[in-house]
Amino acid sequence: MNILIVIPVYNNENTCNKLINEIISLYDNDILIIDDGSKTPFKLKINKNQISVISYDKNKGKGYALKTAIKYSLKYTYTHILTIDSDYQHDPKFIKSFLDKREDVKIVYGKRKFDNNMPFMRICSNKITSNIISYLKGFNIYDTQCGFRRYSINLFDNIILCENGYQFESELLLKCVYGKNEISYIEIPTIYNRSKSNINNIF
């Protein structure tokens, strides 16, 4: 597999640079940073050939950023992308677990433990959304709002994805996965650092 690590960033420069430093200390995969119109433009604090940055002047939404990453991956012939949020709510040590999953699995997502580390409204939102999408698909998807995911690039062949915000990740699950054997999960810890979320409570 030729996997590109994708980090959308919006006003999280410090945590994003911390995340990047840890990733490059553990892995040699290429990294694409997409600065989605941060109020203070993102500045990369380390210079490595494996890191590329795309910046927008205005905030366009996480879905738009991920679509950009998909186009970039197709252009440079990556087979998979691995997305991780820039606010350091995902432990980069678990990237290896995503890399080790079978190549033919279309989507691998992080499954967090819904405990006191996660705000109550976020737990409710996630459970409601996960239950709705699971019902519509006919099989369980346990954490539909987790941004720690691995996608197979061929997943996007002949698929039109319309959403540009956080709803993109739910739309992708609904449109791109047809059977439970095409999707898998990695159990990951729940990390919350009190940073303000930009996600809507319901997809």
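Count residues from 1 along the sequence.
Other residues, nucleotides and ligands place no more than 12 heavy atoms under 6.0 Å from the CG atom of Asp57.
Listed for the Asp36 side chain is a donor-acceptor partner under 3.5 Å among the backbone atoms of Gly61. Under a 3.5 Å cut-off, the side chain of Arg150 and the backbone N or O of Ile3 do not form any donor-acceptor pair. Looking only at distances, a side-chain donor or acceptor of Lys137 sits under 3.5 Å from a matching main-chain atom of Leu174.
Residues Ile51 and Leu44 form a side-chain contact, since some pair of their non-hydrogen atoms from C-beta on lies under 4.5 Å apart.
Annotation: cation-pi geometry satisfied between Lys111 and Tyr185 (NZ/CZ under 6.0 angstrom from ring centroid, within 45° of ring axis).
For Asn181, the side chain to side chain donor-acceptor pair (under 3.5 Å) test picks out no residue, with sequence neighbours left out. Under the ring pair (Phe, Tyr, Trp, His ring centres under 6.0 Å) criterion, Tyr27 pairs with no residue at all, not counting sequence neighbours. Among residues two or more places apart in sequence or in another chain, the side chain to side chain donor-acceptor pair (under 3.5 Å) test is passed with Asn131 by none. Shown here are the salt bridge (Lys or Arg N to Asp or Glu O under 4.0 Å) partners of Lys175, two or more places apart in sequence or in another chain: Glu171. By the side chain to side chain donor-acceptor pair (under 3.5 Å) test, Tyr151 pairs with Arg149, sequence neighbours left out. Annotation: salt bridge (Lys or Arg N to Asp or Glu O under 4.0 Å) contacts of Asp30 (sequence neighbours excluded): none.
Under the side chain to side chain contact (heavy atoms under 4.5 Å, CB included) rule, Ile84 has a single partner from Phe98, Phe94, Phe148, which is Phe148. Between Leu173 and the options Thr129, Leu136, Ile107, a side chain to side chain contact (heavy atoms under 4.5 Å, CB included) holds for only Ile107. Checking each of Val6, Asn17, Val53 against Ile33 for a side chain to side chain contact (heavy atoms under 4.5 Å, CB included) leaves exactly one that passes, namely Val53.
Between Tyr64 and Tyr56, the distance separating the two ring centers is shorter than 6.0 angstrom.
Between Tyr166 and Gln145, the side chains place no donor N or O within less than 3.5 Å of an acceptor N or O (distance only, hydrogens not considered). Defined by atom type and a distance below 3.5 Å, a donor-acceptor pair is present between the side-chain atoms of Lys67 and Asn164.
Going from atom OG of Ser86 over to atom NZ of Lys62 covers 8.5 Å, rounded to the nearest 0.5 Å.
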